[in-house]
Asks: 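Below is the structure I would like to discuss, written out as structure tokens.
Counting starts at 1 for both ligands and their atoms, following the listed order. Only a predicted model underlies this, so the values are computations on that prediction, with no experimental measurement involved.
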Amino acid sequence: MEENNKVVFDHVRITPLSESQLDFYGQPYSVSVLKVGYCLPQSDGTFRADGTVTLVTGPRTILVDTGGPWGRDFLLMALQERGLGPGDISLVVGTHGHSDHVGNLSLFPKAVIIVGYDISEGDTYRPNKLAEGHAYSLDEHISVVPCPGHTGQDVSVQVKGTSAGTVLVAGDLFECCSDEDSWRDLSVNAAVQEVSRQEALRTADVIIPGHGLPFRVLRN
Ligand SMILES: [Zn+2]
């Protein structure tokens, strides 16, 4: 394990979790990765990619990112395996507006929907302060946190109190555990994203990235 640790900045190391570590039980909220996102460069210069899909259960049932529209049946089945239908999801958060993250919003017409800095319920959009850098708190355990850089309007979902500590469902703030070669190329503002990444590494114990397995953050 130790040799896998990577120092990302002073006193902070990150270490990958395995495919068997996709559930983070907690009180009152638990976090489960339903689909591990991927990004696979192809020989013809294209990429095959889909975003990570994460379910938060507890007093509220929250879906963070929906994957691309081609994954519609997978998503419905993954929810069904947990005894859930689309109508049971009270909030859907799209970490940003890319098609591989918000491709199935139409399955959830009754949910509150947050995509980037927009918060809507049906056709009603609620004023909020995400664009000014303020978190949108759902309760004392869970909040939607602005983390711009990959796009101009990215958000993460921060869940406190799991058995693994604070879990951050981070969208493409992080591509994967070892994304040093890739995230800047995909960023609209790498300097802004770097600040968002450092803030995440200061506060989260586990980060669930947009296109790879969760990883743990270790601070000295
Ligand atoms: Zn993206």
Side-chain angles (χ1 to χ4, degrees), residues 8 14 16 22 31 33-42 44-56 62-72 74-75 78 89 91-108 111 113-120 128 130-131 133 135-136 143-159 167-201 204 206-215 217:
V8 282
I14 57 177
L22 299 179
V31 181
V33 176
L34 301 184
K35 178 195 276 180
V36 177
Y38 56 86
C39 183
L40 305 168
Q42 306 292 296
D44 63 358
T46 62
F47 291 84
R48 292 191 60 212
D50 202 356
T52 298
V53 179
T54 305
L55 182 69
V56 181
I62 301 165
L63 188 68
V64 188
D65 285 337
T66 72
W70 53 85
R72 182 180 191 276
F74 170 89
L75 176 57
I89 307 294
L91 170 64
V92 180
V93 178
T95 56
H96 60 293
H98 287 167
S99 52
D100 54 342
H101 294 264
V102 294
N104 294 299
L105 287 183
S106 64
L107 288 173
F108 309 97
I113 291 180
I114 300 178
V115 175
Y117 297 167
D118 288 336
I119 304 177
S120 58
N128 68 80
L130 288 165
Y136 179 78
S143 53
V144 178
V145 183
C147 58
H150 174 67
T151 69
Q153 295 195 3
D154 303 84
V155 293
S156 297
V157 176
Q158 183 192 65
V159 184
V167 174
L168 189 73
V169 190
D172 289 358
L173 179 60
F174 294 86
E175 285 290 307
C176 58
C177 182
S178 40
D179 65 357
E180 274 310 313
D181 299 334
S182 58
W183 73 264
R184 282 186 185 80
D185 293 341
L186 300 162
S187 181
V188 300
N189 192 327
V192 166
Q193 190 170 349
E194 181 70 57
V195 173
S196 298
R197 285 165 65 97
Q198 295 208 0
E199 180 60 21
L201 292 166
V206 168
I207 291 177
I208 298 177
H211 297 274
L213 287 164
F215 59 90
V217 184

Asks: Considering non-hydrogen atoms only, spot the tightest contact between Thr95 and Asp172 and give its length.
Replies: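 Of all heavy-atom pairs spanning Thr95 and Asp172, the closest is OG1-N, 4.5 Å.
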Asks: Return the orientation label for the His96 and His101 ring planes: parallel under 30°, perpendicular over 60°, tilted otherwise.
Replies: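 Aromatic pair His96/His101 classed tilted.
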Asks: Output, by chain and residue number, all protein N/O/S atoms separated from the Zn ion (ligand 1) by less than 2.8 Å.
Replies: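 N, O, S partners closer than 2.8 Å: His96 NE2, His98 ND1, His150 NE2, Asp172 OD2.
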Asks: Using a 4.5 Å cut-off on heavy atoms from C-beta on, say whether the side chain of Thr54 contacts that of Asp65.
Replies: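 Asp65 vs Thr54: side chains apart.
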Asks: Work out which heavy atom in Ile114 is nearest to a heavy atom in Val144; give both atom names and the distance.
Replies: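 Nearest pair, atom of Ile114 first, then Val144: CD1-CG2, 4.0 Å.
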Asks: When rounded to the nearest 0.5 angstrom, what is the spacing between CD1 in Ile119 and CG in Leu91?
Replies: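 Here the interatomic distance stands at 8.5 Å.
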Asks: Atom CH2 of Trp183 and atom NE2 of His211: how far apart are they, to the nearest 0.5 Å?
Replies: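 The NE2 atom of His211 is 14.5 Å from CH2 of Trp183, to the nearest 0.5 Å.
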